[in-house]
Chemist: 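One structure, as structure tokens, below. Some questions next.
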Amino acid sequence: MLQPLQLMQPETVQEASQAMAHFGDKARFYAGGAELLLLLRNRLIDAEVLIDVKRIYRLRRLEATNGTLRVGACLTHHELAKNALIREWAPSLALAESQVANIRVRNQGTLGGNLAFNDPHSDPGTVLLVHNASVTIGNAKGERRLALDEFFVDMYATALEAGELLLEVEIPRLPSGMTSSYLRLHRYQRPTLGVAVVARITEGKIDEARLAVGCIGPKAQRLLELEMKITDTPLSDAKRIFAAEKNYLRQWLQPVDDLLGSADYKLYMAGVMLGDALEQASQGDAGRN
Ligand SMILES: Cc1cc2nc3c(=O)[nH]c(=O)nc-3n(C[C@H](O)[C@H](O)[C@H](O)COP(=O)(O)OP(=O)(O)OC[C@H]3O[C@@H](n4cnc5c(N)ncnc54)[C@H](O)[C@@H]3O)c2cc1C
């Protein structure tokens, strides 16, 4: 059972931030509540006040200006999966969002809540990394912008400081000729493994590639060393490189045994799925339609 809670519904970042400063540890920012209400119900956290941030216009906005798509933190997974602009700009993000959990969680949960909670078993962060996404975070005193890989600090830990809100996610347009894909492995609702690729592949040769793997270790990560190793190689060689680089993947991704699979299994599948995702990207964008 949930204890009675006071609900605040600010309409600006300033009001939300001031409410948080006023109530301190007794308050929590609340978006869709998909995670928060579970934590409260199971008494894993305490709160007396929920500060609902969904009425703040800035957090509901979606717009493309000067080559950057700005996605408000409070857009839901379902809204992003269905949105024509997202499908055109970052089709593999739309694809990843369409595979989050189930329709109830996709309708309730928001992109900002997902990234701010930073559960390792998540989809959108992995795709956003290969898009070189950044986030704007702020409070009543001001705003700051961080690359997404700086925002993700560790499992369930981000660069958000007490009282700071995640405002929006910025996604630069992909350079011409680059296509993307996202592949996910799951036994239950939450993913066991997610692999995202953005690449330019000409006649079977990789001109440029960005790779990211999520879910198997503490946080989603880009694989910069592997990206360099596969540049200027044929697709078939890249697959061999992925299989041969187990030690790098193990050290970099720090896979763990958990209920969703053993570390060895997830590592093996990461190598296989990186190859599959590259091949899929070579055939055009996944998730555009
Ligand atoms: C059954 C189930 C299955 C799931 N499966 C998947 C899956 O397959 N893939 C996947 O990616 N995710 C999955 N999730 C996670 C889900 O996507 C996220 O929990 C959800 O998106 C969180 O968003 P929310 O708006 O509900 O956040 P809330 O529950 O409202 O908040 C989560 C946390 O983020 C903080 N917060 C929220 N918004 C902001 C903000 N703008 N700024 C700062 N802090 C903020 C809150 O204070 C809280 O600490 C699953 C969750 C459940 C319950």
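By convention here, the first residue in the shown sequence is residue 1. Quick caveat, the model's predicted, so the values are computed rather than measured. Read the numbers this way: they start at 1 and go in the same order the structure lists the ligands and their atoms. No hydrogens, no waters, no symmetry mates; every other heavy atom, side chains included, goes into these values.
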Chemist: Under 3.5 Å between some N or O of ligand 1 and some N or O of G32?
Modeler: yes
Chemist: Quick one: look at K54 and ligand 1, take heavy-atom pairs under 4.0 Å, and tell me if it's side chain, backbone, both or neither.
Modeler: neither
Chemist: Please report the closest heavy-atom contact between I171 and V71, naming both atoms and the distance.
Modeler: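 Minimum heavy-atom contact is CD1-CG2, 4.0 Å.
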Chemist: Do ligand 1 and G33 have nitrogen or oxygen atoms that lie under 3.5 Å from each other?
Modeler: yes
Chemist: What part of R190 sits under 4.0 Å from ligand 1 if we count only heavy atoms: the side chain, the backbone, both or neither?
Modeler: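 It is both backbone and side chain that touch ligand 1.
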Chemist: Just to be sure I'm reading this right: ignoring hydrogens, which of A73, A101, A116, G163 gets closest to atom 44 (N) of ligand 1? Compare them by their nearest heavy atoms.
Modeler: A116
Chemist: Within the 4.5 Å heavy-atom criterion, are N118 and V153 side-chain neighbours or not?
Modeler: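 No, their side chains stay 4.5 Å or more apart.
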Chemist: Nearest heavy-atom pair of T126 and A212: which atoms, and what distance?
Modeler: O-CB, 3.6 Å
Chemist: Does only the side chain of H186 get under 4.0 Å from ligand 1, or the backbone, or both, or neither? Count heavy atoms.
Modeler: neither
Chemist: Could you pull out, from T110, T158, L167, the option with a heavy atom nearest to atom 23 (O) of ligand 1?
Modeler: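 It is T110 whose heavy atom sits nearest to atom 23 (O) of ligand 1.
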Chemist: Can you name the atoms of ligand 1, numbered from 1 with element, that are less than 4.0 Å from a heavy atom of P124?
Modeler: 11 (O)
Chemist: Less than 4.0 angstrom from a charged side-chain N to a carboxylate O is my criterion; do R58 and E15 meet it?
Modeler: no
Chemist: Does any N or O of ligand 1 fall below 3.5 Å from an N or O anywhere on L59, backbone included?
Modeler: no
Chemist: Evaluate N102 for polar contact with ligand 1, using N/O atom pairs at a separation under 3.5 Å.
Modeler: no
Chemist: Just distances here: any N/O of G112 and N/O of ligand 1 closer than 3.5 Å?
Modeler: no
Chemist: I'd like to know if R28 pairs up with E35 as an ion pair, taking the criterion as any Lys NZ or Arg NE/NH1/NH2 lying under 4.0 Å from an Asp or Glu carboxylate oxygen.
Modeler: no
Chemist: Short list, please: which atoms of ligand 1 are under 4.0 Å from a heavy atom of A34?
Modeler: 26 (O), 29 (O), 53 (C)
Chemist: Do H121 and D258 have side-chain atoms, one donor and one acceptor, less than 3.5 Å apart?
Modeler: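 Side chains of H121 and D258: pair found under 3.5 Å.
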Chemist: Report the part of L160 in contact with ligand 1, treating N, CA, C, O as backbone and CB onward as side chain, heavy atoms under 4.0 Å; options are side chain, backbone, both, neither.
Modeler: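 The answer is the side chain.
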Chemist: With heavy atoms of F29 as the reference, note each atom of ligand 1 found under 4.0 Å away.
Modeler: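 Result: 46 (C), 47 (O).
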Chemist: Salt bridge check: are R87 and E97 linked by an N-O gap of less than 4.0 Å?
Modeler: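 Result for this pair is no, no salt bridge flagged.
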Chemist: How about R145 and S134: does a side-chain donor come under 3.5 Å of a side-chain acceptor?
Modeler: yes
Chemist: Have a look at ligand 1 and work out which part of L38, if any, has a heavy atom under 4.0 Å from it: side chain, backbone, both or neither.
Modeler: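 It is the side chain that touches ligand 1; the backbone stays farther off.
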Chemist: Answer yes when R184 and D123 have at least one side-chain N-carboxylate O distance shorter than 4.0 Å, and no when they do not.
Modeler: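 Salt bridge: yes.
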